[in-house]
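All of these numbers come straight from a predicted model, not from anything done at the bench.
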Amino acid sequence: MLGKGESCTGAGVQSGFMMELAIQRKQKDISLIATLFIGMLLFRIFMDLAYWKGLAGQGVYPKVEFEPIKYAVSILWCVILFFGIRHTEKKASTFLLYIVYVSQIIPISVLYGLCDENSLYYHMLCLAFLVCEVLVGWTRDDVILKRNAKASKVMYWGFGVAIILLLLEVIRQNGMPSLIALNIFRVYELRSSGEFQIGKYMNYLLKWTISFVIPLFLAHTLRLRKYGWALVFCGMQGLLYLYSGHKTMLFAIPLVIVCSLWCKREKFYKEIFVLCYVGFIALCMFVVLAPVLRAYSEGAYTIGVRSYSMLCRRVLIDPALAKFHYFEYFSTRPLMGLGGVIPRWLIDIPNPYESIDYQHEIGGLYWGSYETNAGTGFLAEGYFRFGLIGIFLILIIFAMLLKGIDHLQERIGYGLTVSIFVYLVYSLVDAHLIDELLFGRWAIVLVFLVFCYRTKKWETIRQNKLGYHTLE
């Protein structure tokens with residue numbers, strides 16, 4: 001009887017301990033969601049104020065036409081879509097989906113809430129993004145493919161050879177790089193000069209290398225603490241930037257480094273987005289308080305406004321505005337369909353814009369210069385290819401890719417997966433998705449998702465023997 005009583009007491013203690021752990025976990029989850037939600041609202045409000053004070057009605061930026069109902073609806077969509085993401089799930093898809101939410105959905109909501117932008121496009125886009133969230137967070141994770149370690153090694157060696165061939169060909173065709181790109185405000189001068197020469201097929205290799213292959217190797221070497229090799233890959237990315245002048249390439253290095261080193265912290269997800277919110281809010285405050293700042297210090301005013309222009313206006317507001325321009329442009333013109341996606345020698349699909357440079361035409365119509373290449377991201381691509389149904393289609397495709405990335409996480413760990421894909425997903429603010437799936441940057445992602453296999457080195461990382469948390 002005594003033994004039975006002791007057993008009951010032990011079970012009760014264990015049950016109480018488990019309940020206490022569950023309560024602590026619940027409190028952490030509530031703290032995480034509350035912190036990110038407050039940060040999101042403050043970020044949205046300061047983005048609104050900065051646009052109103054600094055950009056509205058100036059040049060190509062539409063003036064503020066405030067309607068309380070539209071503004072409230074835009075806030076409501078931000079709240080609904082925020083809670084559609086499962087923030088407490090330690091999955092790469094959660095992190096990457098939240099990047100798209102912060103970098104694209106919120107800026108689009110700012111313009112819709114303050115300006116006279118199209119309601120149909122905005123509501124369809126938000127609804128499609130909600131469908132994407134449901135598919136990513138609330139569907140089963142079924143693994144279909146079986147992978148082979150030898151094929152995975154061949155793939156990695158192929159990536160390495162591709163980097164070397166690309167660098168040799170770029171140097172052969174262009175000689176030593178110009179130093180113009182060292183001044184980030186002169187990169188358009190370099191790109192418009194036509195000095196950088198590269199063949200059509202080597203251009204595919206360039207896209208693959210700068211957006212995925214180099215970030216892949218950089219993240220891998222950082223996780224293995226091979227910092228010498230990490231510097232080599234940073235140098236390769238910097239060298240290619242000096243040739244091409246595409247400044248978005250520069251974001252790859254800090255994004256991969258920060259995620260690779262920071263993800264070992266237990267509160268990585270919360271901390272990194274809180275830091276992003278604080279940084280963007282500070283930049284917006286430079287614009288909101290510009291008159292006071294200018295009276296106090298002309299130098300501080302110049303630095304603050306330039307920083308906002310480069311990191312908020314160019315990265316967030318301009319791509320969001322371009323999406324409304326694309327909707328207006330293609331709503332009165334033929335849709336593109338699959339034109340330009342599949343090579344003519346493979347399948348001859350008519351392209352109504354084969355002889356029309358629509359990006360420069362949009363630049364002339366909406367940005368005031370036909371020399372402006374008005375590209376934009378994948379959220380606009382869905383509409384100009386297939387209309388309203390295309391908005392849903394492209395976000396469903398994106399959800400499927402995120403599910404595949406989650407399967408990859410099961411093989412190589414959370415931190416490494418996030419580090420590899422953070423730049424690629426961030427770049428979707430200015431990049432397409434459908435036409436990138438065949439020969440573009442997402443084509444190489446599909447190859448990687450299919451063939452990447454968990455080797456002994458990956459397993460070492462997963463088991464945290466190098467001091468990293470896998471957050472699983």
Applying side-chain hydrogen bond (donor to acceptor under 3.5 Å, both in side chains) to Ser427 and not counting sequence neighbours gives none
With no hydrogens and no angle check, do the side chains of His87 and Tyr98 hold a donor and an acceptor under 3.5 Å apart? no
Should the ring pair Phe330 and Tyr358 be called parallel, tilted or perpendicular, given that the plane angle runs from 0 to 90° and is split at 30 and 60? perpendicular
Tell me, please, which residues at least two apart from Glu328 pass salt bridge (charged side-chain N to carboxylate O under 4.0 Å, His left out). none
Side-chain touch Pro215/Phe233, heavy atoms, less than 4.5 angstrom: no
Under the salt bridge (Lys or Arg N to Asp or Glu O under 4.0 Å) definition, can you give me all pairs with a residue in residues 414-438, not counting sequence neighbours? Arg314-Asp430, Arg385-Asp435, Glu436-Arg441
Partner set under side-chain hydrogen bond (donor to acceptor under 3.5 Å, both in side chains) for Trp442, not counting sequence neighbours: none
NZ or CZ of Arg333 within 45° of Tyr329 ring axis and under 6.0 Å: yes
Any donor-acceptor pair under 3.5 Å linking the side chain of Tyr101 with the backbone of Cys78? yes
Measure from the side-chain N and O atoms of Gln409 to the backbone N and O of Ala92, and report whether any donor-acceptor pair falls under 3.5 Å. yes
Return yes if a side-chain donor-acceptor contact under 3.5 Å exists between Asp406 and Tyr414, otherwise no. no
List the atom pairs, with distances to 0.1 Å, where a side-chain N or O of residues 50-58 and a protein N or O form a donor-acceptor pair under 3.5 Å, not counting sequence neighbours.
unit_1	atom_1	unit_2	atom_2	d
Tyr51	OH	Pro62	O	2.6
Gln58	NE2	Gly54	O	3.3

Using side-chain contact (heavy atoms from CB on, under 4.5 Å) as the criterion, list what pairs up with Gln173, not counting sequence neighbours. Glu169, Gln197
Is there a side-chain contact between Ile253 and Tyr423 (heavy atoms, below 4.5 Å)? no
Tell me, please, which residues at least two apart from Ile30 pass side-chain contact (heavy atoms from CB on, under 4.5 Å). Lys26
Of all residues at least two apart in sequence or in a different chain, which pass the side-chain contact (heavy atoms from CB on, under 4.5 Å) check with Glu354? Arg344, Asn351
Any salt bridge (Lys or Arg N to Asp or Glu O under 4.0 Å) pairs touching residues 31-49, not counting sequence neighbours? Arg44-Asp48
Do the side chain of Glu381 and the main chain of Leu433 share a donor and acceptor less than 3.5 angstrom apart? yes
For Ala219, what residues pass the side-chain contact (heavy atoms from CB on, under 4.5 Å) criterion, not counting sequence neighbours? Val256, Ser260, Leu416, Ser419, Ile420
Residues Tyr269 and Thr94: side-chain donor-acceptor under 3.5 angstrom: no
Hey, can you pull the donor-acceptor pairs under 3.5 Å for the side chains in residues 281-293, sequence neighbours left out?
none

State, with a plain yes or no, whether a side-chain heavy atom of Cys452 is found less than 4.5 Å away from one of Arg411. yes
Summary of salt bridge (Lys or Arg N to Asp or Glu O under 4.0 Å) pairs that have at least one residue in residues 29-40, sequence neighbours excluded: Arg25-Asp29
Could you tell me if Lys270 and Ser31 have a donor-acceptor pair between their side chains, going purely by distance under 3.5 Å? yes
Do Tyr112 and Ser119 have side-chain atoms, one donor and one acceptor, less than 3.5 Å apart? yes
Can you confirm whether Ile80 is buried at CD1, in the sense that more than 12 heavy atoms of other residues, nucleotides or ligands lie under 6.0 Å from that atom? yes
With a 4.5 Å heavy-atom cut-off, do Tyr383 and Ile394 have their side chains touching? no
